[in-house]
Amino acid sequence: QVQLTESGGGLVQAGGSLRLSCAASGRSFRGYVVAWFRQAPGQEREFVSAISWNSGSSYYVDSRFAISRDNAKNTVYLQMNDLKTEDSAVYYCTATASDREPSGWTSFSDEYDYWGQGTQVTVSS
């Protein structure tokens with residue numbers, strides 16, 4: 001099975017950028033769709049972006065965020081630009097074994113089998 005570890009979170013000023021990393025251990029991401037979700041205190045878990053490991057095709061809802069993968073490092077990234085205070089949340093990496101291309105179905109958290117522990121992103125004004 002896949003174990004996921006997020007990193008790269010921290011404190012950043014509004015308008016700044018962060019790059020989050022999701023590293024897989026135990027096995028590779030081959031044959032998986034990998035996604036980022038976020039959750040702020042007292043709020044529902046919210047979809048951010050998803051990528052097919054095999055094809056590299058991605059799906060997102062906010063153009064400030066770009067998802068990518070590095071085959072050699074077995075890692076998925078989330079590049080976040082022009083951050084706003086409302087982006088503050090714990091960001092989670094998740095994965096599901098699938099050969100489907102990312103689309104609207106990837107926005108539902110119950111589609112995924114494996115979750116990381118999250119990395120905190122705090123955006124200050």
Side-chain angles (χ1 to χ4, degrees):
Q1 61 180 348
V2 178
Q3 292 182 323
L4 307 176
T5 303
E6 304 98 331
S7 62
L11 177 65
V12 63
Q13 291 185 327
S17 299
L18 284 174
R19 189 178 73 164
L20 307 183
S21 299
C22 175
S25 60
R27 61 158 295 162
S28 76
F29 278 130
R30 291 192 305 274
Y32 283 78
V33 168
V34 185
W36 289 94
F37 285 73
R38 67 186 185 185
Q39 188 167 24
Q43 300 185 16
E44 298 288 333
R45 190 162 294 189
E46 179 185 27
F47 173 77
V48 178
S49 190
I51 189 168
S52 166
W53 185 264
N54 288 3
S55 73
S57 297
S58 61
Y59 177 74
Y60 62 92
V61 297
D62 192 323
S63 62
R64 296 178 297 125
F65 301 159
I67 195 168
S68 62
R69 85 252 199 262
D70 186 322
N71 291 353
K73 296 181 179 179
N74 203 33
T75 298
V76 169
Y77 302 99
L78 183 69
Q79 179 67 46
M80 306 189 294
N81 298 319
D82 191 25
L83 285 163
K84 304 174 182 178
T85 56
E86 52 263 45
D87 295 319
S88 296
V90 177
Y91 282 71
Y92 296 93
C93 181
T94 186
T96 185
S98 177
D99 60 1
R100 300 168 65 189
E101 293 302 307
S103 60
W105 69 269
T106 60
S107 66
F108 298 98
S109 60
D110 60 2
E111 295 282 354
Y112 299 91
D113 302 305
Y114 308 102
W115 293 84
Q117 295 301 303
T119 185
Q120 176 72 51
V121 172
T122 303
V123 184
S124 62
S125 60

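Remark: the backbone N or O of Glu111 is paired with a side-chain donor or acceptor of Thr96 at under 3.5 angstrom. The backbone N or O of Val123 lies less than 3.5 Å from a partner atom in the side chain of Ser88, making a donor-acceptor pair. Not a single donor-acceptor pair under 3.5 Å links the side chain of Asp62 to the backbone N or O of Val48. The main-chain N or O of Gly118 is found under 3.5 Å from a side-chain atom of Glu6 such that the two form a donor-acceptor pair.
More than 12 heavy atoms of other shown residues, nucleotides or ligands fall within 6.0 angstrom of atom CD in Glu86. Within 6.0 Å of CZ in Arg27 there are more than 12 heavy atoms belonging to other residues, nucleotides or ligands. The local environment of OH in Tyr60 is sparse, with at most 12 non-hydrogen atoms from other residues, nucleotides or ligands closer than 6.0 Å. Residue-environment remark: CG (Asp99) stays at or below the threshold of 12 foreign heavy atoms within 6.0 Å.
How far CD of Glu44 is from OG of Ser109: 8.5 Å, rounded to the nearest 0.5 Å. Note that CD of Gln117 and SG of Cys93 are 11.5 Å apart. Values are rounded to the nearest 0.5 Å. Taken to the nearest 0.5 Å, the CD atom of Gln39 stands 10.0 Å off from the CD atom of Glu46. To the nearest 0.5 angstrom, Ser98 atom OG is 11.0 Å from Tyr32 atom OH. Taken from CG in Leu18 to CG in Asn81, the straight-line distance is 9.5 Å, to the nearest 0.5 Å. For the atom pair Arg38 CZ and Leu20 CG, the distance stands at 11.0 Å (nearest 0.5 Å).
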inquiry  = Set out, in order, the CA-CA distance, both residues' side-chain angles and the distance that settles side chain to side chain contact (heavy atoms under 4.5 Å, CB included) for Thr119 and Ser7, then state yes or no.
reply    = CA-CA 6 Å; Thr119 185; Ser7 62; 5.6 Å; no
Asn71 vs Trp53, side chain to side chain contact (heavy atoms under 4.5 Å, CB included): CA-CA, chis, key distance, verdict = CA-CA 8 Å; Asn71 291 353; Trp53 185 264; 3.5 Å; yes
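The aromatic rings of Phe37 and Tyr112 sit perpendicular, their planes meeting at an angle over 60°, well past the 30° parallel limit. Using cut-offs of 30° and 60° for the angle between ring planes, the Tyr92 and Trp115 rings count as perpendicular.
What you find for Ile67 and Ser49 is that their closest heavy atoms are CG2-OG, 3.2 Å. When all heavy atoms of Asp82 and Arg64 are compared, the pair lying nearest together is O-NH1, 2.9 Å. The two residues Leu78 and Tyr91 come nearest to each other via the heavy atoms CD2-CD2, 4.1 Å. The heavy-atom pair separating Leu4 from Tyr114 by the smallest distance is CD1-O, 3.5 Å. Between Ser52 and Pro102, the closest heavy-atom pair is N-CG, 3.4 Å. For Leu83 against Val12, the heavy-atom pair with the smallest separation is CD1-CG1, 3.5 Å.
When the side chains of ILVMFWY residues are joined at heavy-atom separations under 4.5 Å, either directly or via intervening members, Trp36 and Val33 end up in two distinct hydrophobic clusters.
Every residue was checked against the side-chain contact (heavy atoms from CB on, under 4.5 Å) condition with Thr5, not counting sequence neighbours, and none meets it.
Looking only at atom types and distance, the side chain of Ser55 has a donor-acceptor partner in the side chain of Glu101 under 3.5 Å away.
Proximity of Val34 to Arg69: side-chain heavy atoms (C-beta onward) are nowhere separated by under 4.5 Å.
The ring pair (Phe, Tyr, Trp, His ring centres under 6.0 Å) with Phe47 is formed by just one residue from the set Trp105, Tyr59, Phe108, Phe65; it is Tyr59.
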